[in-house]
Amino acid sequence: MASLAWLLIPLCAAIGAGIWGSWAARDRTQGDISELAGYARFREAMGNVHTAPADRSRATAEAHSASDAV
């Protein structure tokens, strides 16, 4: 009976190793896809930086001309 108890230890270790192995090999590509989409949005936003100041100066000029009319 004692030998059966000693055989349970490697059996439990093998089951634990199987569970850990399946967890370690899980599919984690979903996080990569969302990160790449975020990086693409960041690059697009950085590409629009050069056009933003012209829009701001035009909006500022329109705001000043509207305040002068009052």
Side-chain angles (χ1 to χ4, degrees):
M1 194 68 172
S3 62
L4 290 178
W6 279 105
L7 288 175
L8 284 176
I9 295 171
L11 178 67
C12 291
I15 291 172
I19 291 171
W20 179 84
S22 65
W23 177 79
R26 70 190 186 279
D27 185 21
R28 293 182 276 194
T29 58
Q30 184 65 23
D32 292 341
I33 293 170
S34 64
E35 278 206 31
L36 288 174
Y39 180 64
R41 288 192 306 270
F42 171 77
R43 279 193 342 226
E44 182 181 336
M46 287 293 110
N48 292 337
V49 168
H50 298 294
T51 60
D55 293 339
R56 275 192 225 128
S57 63
R58 188 175 355 126
T60 305
E62 291 173 0
H64 288 299
S65 65
S67 63
D68 291 340
V70 174

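Model, not experiment: these values are computed from the prediction.
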Please identify each residue that fulfils side chain to side chain contact (heavy atoms under 4.5 Å, CB included) with I15, with sequence neighbours left out. L11, I19
Would you say that R43 contacts Y39 through its side chain, given a criterion of any heavy-atom pair below 4.5 Å between the two side chains? yes
The criterion is side chain to side chain contact (heavy atoms under 4.5 Å, CB included); which residues satisfy it with R26, sequence neighbours excluded? W23, R28
Kindly give the cluster partners of I9, where membership spreads through any ILVMFWY side chain lying under 4.5 Å from a current member. W6
